[in-house]
Visitor: 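Before I ask anything, let me first share the structure, which is written out below as structure tokens.
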Amino acid sequence: MFEMLRRMIFPIIMIVLLFFVAMIVLQWGAGFSSRQDSVASNTAALINGETVSWTDYNRLVDQAIQIESQKTDDELPDSKIAEIRQNVWKQILHDRLVMQEVEKYDLRVTDEELYSYLRL
């Protein structure tokens, strides 16, 4: 029995190696998983047709956590991190919706309006 296994080990290793190489070529090299799938996988949200990427969201969350952690010497609890994530999401949503309304109504701020506001 062991003699038969010794004779079969080389063909089995070659078959496994062949399937492994084929998987690498088909999955990574040939691009069967389309670019659109990778773009969609990086999309955290779609706000009225405007995408929010996970990269942008995580960058803003990391910045907010860093700012909050500088206020205290202790490690932030999970509940505080969850609150920060929720607040960052609300801020992103608010900013995107406001900017979409600004573009929709073509709102512009003149230099005089800005100057009069800053004088107050």
Side-chain angles (χ1 to χ4, degrees):
M1 180 166 151
F2 287 115
E3 184 62 35
M4 184 177 81
L5 286 176
R6 283 188 192 124
R7 281 187 280 140
M8 295 299 294
I9 195 71
F10 184 73
I12 291 172
I13 290 174
M14 292 308 293
I15 290 171
V16 169
L17 184 63
L18 179 69
F19 279 115
F20 180 72
V21 170
M23 188 225 25
I24 289 173
V25 169
L26 293 176
Q27 186 64 30
W28 300 337
F32 283 125
S33 55
S34 68
R35 169 106 173 107
Q36 187 176 11
D37 290 342
S38 65
V39 169
S41 68
N42 191 32
T43 301
L46 191 63
I47 303 172
N48 292 335
E50 187 177 346
T51 61
V52 177
S53 70
W54 281 110
T55 306
D56 292 340
Y57 172 73
N58 288 328
R59 181 179 42 81
L60 292 172
V61 167
D62 290 342
Q63 288 174 356
I65 289 173
Q66 184 179 13
I67 290 169
E68 194 64 32
S69 65
Q70 289 175 350
K71 295 178 184 177
T72 181
D73 292 333
D74 298 334
E75 187 175 324
L76 295 175
D78 291 339
S79 60
K80 185 65 176 175
I81 292 174
E83 180 184 337
I84 290 171
R85 288 183 176 282
Q86 186 175 16
N87 289 339
V88 166
W89 170 246
K90 287 179 182 179
Q91 188 63 44
I92 290 172
L93 182 62
H94 177 266
D95 291 348
R96 299 289 171 103
L97 290 175
V98 167
M99 288 308 296
Q100 287 176 2
E101 289 297 311
V102 165
E103 290 174 7
K104 178 180 176 182
Y105 293 108
D106 195 30
L107 300 176
R108 305 263 186 240
V109 177
T110 64
D111 291 339
E112 293 81 23
E113 292 172 332
L114 183 61
Y115 178 73
S116 66
Y117 176 79
L118 293 174
R119 283 186 42 206
L120 299 176

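On a predicted model such as this, the values are computed, not experimentally measured, just so you know.
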Visitor: For atom CE of M8, is the number of surrounding heavy atoms from other residues, nucleotides or ligands below 6.0 Å larger than 12?
Guide: no

Visitor: Identify whether the distance between the nearest side-chain nitrogen and carboxylate oxygen of D56 and R59 falls below 4.0 Å.
Guide: yes

Visitor: Report, one line per pair, each donor and acceptor closer than 3.5 Å where one atom sits in a side chain of residues 108-120; sequence neighbours left out.
Guide:
from: R108; atom 1: NH2; to: D106; atom 2: OD1; distance (Å): 2.9
from: T110; atom 1: OG1; to: E113; atom 2: N; distance (Å): 3.2
from: T110; atom 1: OG1; to: E113; atom 2: OE1; distance (Å): 3.4
from: E113; atom 1: OE1; to: T110; atom 2: N; distance (Å): 3.0
from: S116; atom 1: OG; to: E112; atom 2: O; distance (Å): 3.2
from: S116; atom 1: OG; to: E113; atom 2: O; distance (Å): 3.0

Visitor: Find the distance between OG1 (T55) and CG (L60) and round it off to the nearest 0.5 Å.
Guide: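 Those atoms lie 11.0 Å apart.
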
Visitor: Which heavy atom of S41 sits nearest a heavy atom of W54, and at what distance?
Guide: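 Here S41 and W54 meet closest at O-CD1, 3.4 Å.
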
Visitor: Start with the C-alpha gap between Q66 and Q70, add the side-chain angles, then the distance that decides, and say whether side-chain contact (heavy atoms from CB on, under 4.5 Å) holds.
Guide: CA-CA 6 Å; Q66 184 179 13; Q70 289 175 350; 4.0 Å; yes

Visitor: Identify the heavy atoms of A64 and I84 that sit nearest to each other, and give their distance.
Guide: CB-CG2, 3.5 Å

Visitor: Please check if L93 and Y57 belong to a single hydrophobic cluster, counting links between Ile, Leu, Val, Met, Phe, Trp and Tyr side chain heavy atoms closer than 4.5 Å.
Guide: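 Hydrophobic grouping puts L93 with Y57.
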
Visitor: For atom CD of E75, is the number of surrounding heavy atoms from other residues, nucleotides or ligands below 6.0 Å larger than 12?
Guide: no

Visitor: Check the pair Q91, N87 against side chain to side chain donor-acceptor pair (under 3.5 Å), reporting the backbone distance first and the verdict last.
Guide: CA-CA 6 Å; Q91 188 63 44; N87 289 339; over 6 Å; no

Visitor: In Å, rounded to the nearest 0.5 Å, how long is the span from CD1 of I47 to CE of M99?
Guide: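 Going from CD1 on I47 over to CE on M99, the span is 13.0 Å.
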
Visitor: Hydrophobic cluster membership, with links at side-chain heavy-atom distances under 4.5 Å among I/L/V/M/F/W/Y: are I92 and L97 in one?
Guide: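 Yes; L97 is reachable from I92 via cluster members.
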
Visitor: To the nearest 0.5 angstrom, please state how far the CG atom of D74 sits from the NZ atom of K80.
Guide: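 One gets 13.0 Å once the value is rounded to the nearest 0.5 Å.
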
Visitor: Can you name the closest pair of heavy atoms from T51 and R96 and give their distance?
Guide: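 Result for this residue pair: O-NH1, 3.0 Å.
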
Visitor: Would you say F10 and I12 are hydrophobically clustered, going by side-chain heavy atoms of ILVMFWY under 4.5 Å?
Guide: no

Visitor: Determine whether V98 and L107 fall in the same hydrophobic cluster, where Ile, Leu, Val, Met, Phe, Trp and Tyr are linked whenever their side-chain heavy atoms lie under 4.5 Å apart.
Guide: yes

Visitor: Distance from Q100 atom CD to E50 atom CD, nearest 0.5 Å?
Guide: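 The CD atom of E50 is 5.0 Å from CD of Q100, to the nearest 0.5 Å.
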
